[in-house]
Protein chains: 2
Amino acid sequence: MRRSDLERSVDSASTGAAVTLEMVAAEAGVSPSTVSRILNGTAKVRESKVRAVEAAISKLRFTPNPVARSLARGRSMSVGIVTQSFGSPFYGEALTAIEQRLMRANYAALFVSGHYREADERRCVDHLLARRVEGIILLNSCLPSLEIVNLARGAPLILTGRSVTAERIHCIDVDSTAGASLATQYLIDQGHRRIAYLAGPADHADAVQRLNGYKTALATARIPFTKKLVAEGDYTAHGGLRGMNELLDAQAEFTAVFAANDETAYGAMLALHRRGIRVPQQVSVIGYDDLPASTFMIPPLTSVHRATAELGEHAAEAIIAMIEDRPVVRRETTPTLAVRDSTRSLHR
Amino acid sequence: MRRSDLERSVDSASTGAAVTLEMVAAEAGVSPSTVSRILNGTAKVRESKVRAVEAAISKLRFTPNPVARSLARGRSMSVGIVTQSFGSPFYGEALTAIEQRLMRANYAALFVSGHYREADERRCVDHLLARRVEGIILLNSCLPSLEIVNLARGAPLILTGRSVTAERIHCIDVDSTAGASLATQYLIDQGHRRIAYLAGPADHADAVQRLNGYKTALATARIPFTKKLVAEGDYTAHGGLRGMNELLDAQAEFTAVFAANDETAYGAMLALHRRGIRVPQQVSVIGYDDLPASTFMIPPLTSVHRATAELGEHAAEAIIAMIEDRPVVRRETTPTLAVRDSTRSLHR
DNA sequence: GCAATTCTTGAAAGCGCTTGCAGACCGTAA
DNA sequence: TTACGGTCTGCAAGCGCTTTCAAGAATTGC
């Protein structure tokens with residue numbers, strides 16, 4: 001015996017944590033198997049025993065030990081979620097939804113953050129795998145595709161924001177192309193023709209998609225694409241500030257800017273403000289992601305909205321389905337535009 | 001045998017996950033105990049065996065199963081963190097720091113969010129306890145003190161943003177009073193005397209502290225406190241907007257506003273903007289928390305900065321110390337002021 | 001070279017739960 | 001009454017690891 005009985009009883013008295021199924025069985029006068037069966041509903045048990053066991057359970061305040069359970073069942077009942085940043089309000093909503101959904105299905109959620117760094121992300125994933133998660137949700141992973149495919153042999157995977165086709169991998173495509181098109185198209189509809197673009201980092205899958213969406217919309221409207229109107233940011237406000245300054249310093253002429261994400265737009269707006277250029281009077285600004293803060297920017301920012309909570313819930317549902325070997329229901333969400341005060345029409 | 005050997009070998013071949021310590025022992029020609037001892041450094045083992053075992057481990061790509069380990073050791077090696085919202089950039093930094101620190105000490109972090117709702121938080125805590133976490137970090141909990149004291153019998157607790165004195169509870173006081181004083185004092189130093197205050201929800205412990213800090217600074221400067229200059233918000237931008245509108249509608253006269261947190265300040269600035277009141281020319285605004293976005297507000301927001309990453313790291317360190325029964329090192333962090341463009345001096 | 005120590009190491013029990021197996025029990029048909 | 005099928009329920013093994021205990025190996029001292 002590793003721990004003395006005295007110790008045991010003391011801490012069961014004080015913490016109520018050390019109650020075991022066996023104790024419940026003894027209290028109820030049945031065998032442990034019976035208790036287990038009642039707990040799991042794995043077999044029919046005589047009504048009188050069920051009642052006795054339930055009484056014992058609530059008397060002893062028993063909660064089954066998930067660790068022992070996991071070991072016995074050979075299932076950890078946990079899934080790993082690799083996010084890029086806890087702070088980002090964008091991920092925040094998704095994380096909340098994921099957590100809720102998983103908890104509801106009795107899975108534990110292990111969140112780790114990769115900080116958009118390949119090495120960090122790799123470490124995170126290894127950590128999760130070592131913890132024996134049964135599935136992993138990768139939110140906008142920046143790992144190479146080949147590695148992701150390999151990973152899928154260790155656990156089923158859900159990917160958002162990129163698409164990798166392989167066994168045990170399910171991608172939830174956020175279709176940034178469509179959203180970027182939508183935003184650009186909106187500006188065009190408002191009469192803008194010289195539309196600048198503040199891009200995301202070129203090595204980001206969805207940054208590329210967004211750039212493509214921008215180009216597509218221009219092409220559709222027969223507006224030539226010029227590199228002069230594009231500056232590369234890094235998805236941060238700081239990058240947006242710098243990008244906008246570059247554009248301005250290069251004397252680029254434009255009546256509207258489409259920023260690859262809201263944070264970039266914040267930086268851009270600040271740069272414009274500093275130069276005394278008024279938004280939206282002189283330049284319209286549109287963002288992407290529709291962060292909560294965007295509603296309260298000055299002026300409130302028009303932005304492409306995506307249903308992140310739904311995305312998170314869907315991701316959670318998908319990983320559960322894969323773990324439990326059920327077909328994954330595909331659910332598409334299309335981005336919409338939250339029109340606010342940072343854009344104006346050139347018509348009339 | 002629950003799973004067939006075939007199944008076993010198949011998935012060990014494909015996933016490499018089912019390698020057990022016993023297999024390593026067989027491969028290395030030693031007993032499981034020896035492998036365990038090498039893994040844990042719990043006893044001296046002959047050099048030649050160590051090498052054989054290490055070779056076997058890397059050949060088989062063995063990772064000890066944490067579930068089995070937890071069960072055998074009677075320790076879950078996990079700590080629960082109750083945050084209020086994943087999305088909040090304020091918590092974000094702290095969470096990241098907590099995660100890092102815990103991972104470094106080989107603890108798993110279980111994050112759950114309470115959404116500032118007592119019932120949700122209670123559910124979260126129960127969930128964590130059921131998962132047998134060895135300690136819990138409560139970030140700005142809104143649970144009643146009595147309940148928290150009870151909780152501490154289940155697991156050691158770290159609390160931030162409030163103070164409850166009891167066995168197995170350690171509070172990391174963020175001392176909002178001092179920060180609020182600091183901000184108010186700063187405005188006073190800049191020559192402001194009519195300073196409005198946009199409060200946080202009155203039932204929030206730290207909102208009360210902030211209000212007190214505001215009052216203290218006023219008192220020190222012998223400026224009478226007037227209720228007319230105070231509006232209650234709810235720590236959201238929306239609340240700030242509403243609060244500011246109330247103040248404005250009530251014809252309150254002020255040259256500066258201190259908002260209980262940055263989000264409140266965002267809302268307030270928007271309200272001012274909508275009425276054509278310029279910040280900081282006509283009204284100075286100061287916030288609290290120094291969110292990342294504040295740097296890019298228009299104008300960039302002056303705010304009370306608190307070292308949240310450090311706070312998180314400290315919290316993690318403290319809970320580890322408590323779990324491992326070591327004394328908790330108290331570390332104080334004092335808030336500082338990040339002065340930006342939303343405030344101006346009335347002197348000269 | 002032999003006894004007395006000190007090191008190493010393996011066998012086995014145990015962590016708390018699940019589950020295959022088989023015996024006990026019950027009702028029913030013959 | 002006996003036999004038979006079906007229903008409950010307990011026993012015991014096992015999940016993968018840790019750890020106690022005691023035996024065997026190696027070392028030391030004389």
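Just so it is clear: chains get the letters A, B, ... in the order the sequence lines come, proteins before strands, and each one is counted from 1.
Dashed line: the shortest gap from a side-chain N or O of A:Thr20 to OP1 or OP2 of C:dG16 is not under 4.0 Å. Considering only side-chain N and O atoms, A:Asn40 lies under 4.0 angstrom from the phosphate OP1 or OP2 of C:dT18. For the OP1/OP2 pair of D:dT9 and a distance below 4.0 Å, the side-chain nitrogens and oxygens of A:Lys49 include at least one atom meeting the criterion.
Computed from coordinates, the B:Arg46 CZ to D:dG24 P distance equals 16 Å when rounded to whole Å. Rounded to an integer number of Å, the gap from CZ of A:Arg75 to C1' of D:dG14 is 18 Å. Atom CZ of A:Arg131 is separated from atom C1' of D:dG16 by 15 Å (rounded to the nearest Å). The interatomic distance linking A:Leu71 (CG) with D:dT18 (P) rounds to 12 Å, in whole Å. For the pair A:Glu22 CD and D:dG10 C1', the interatomic distance rounds to 13 Å; values are reported in whole Å. Atom NZ of B:Lys44 is separated from atom C1' of C:dT6 by 11 Å (rounded to the nearest Å). Remark: P of D:dC8 and CD1 of A:Ile38 are 12 Å apart, rounded to the nearest angstrom. One interatomic measurement links the two molecules: CZ of B:Arg73 to C1' of D:dC17, which rounds to 9 Å at whole-angstrom precision.
In this structure, A:Ser113 and B:Glu99 approach most closely via the heavy-atom pair OG-OE1, 3.0 Å.
Position along DNA chain C of the nearest nucleotide to A:Arg37 versus A:Leu21 favours A:Leu21 as the more 5'-ward residue.
Separating the OG1 atom in B:Thr63 from the NE2 atom in A:His127 is a distance of 12.5 Å, to the nearest 0.5 Å.
At a threshold of 4.0 Å, the pair B:Arg122-B:Glu147 counts as salt-bridged, since one of the basic side-chain nitrogens sits closer than that to a carboxylate oxygen. We find that B:Glu167 and B:Arg153 are not joined by a salt bridge, their nearest charged nitrogen and carboxylate oxygen being 4.0 Å or further apart.
Interface remark: the A:Ser33 side chain does form a donor-acceptor pair with the D:dC11 base, using a distance-only criterion of under 3.5 Å.
Note on B:Thr34: only backbone sugar-phosphate atoms sit closer than 4.0 angstrom, heavy atoms only; bases stay farther off.
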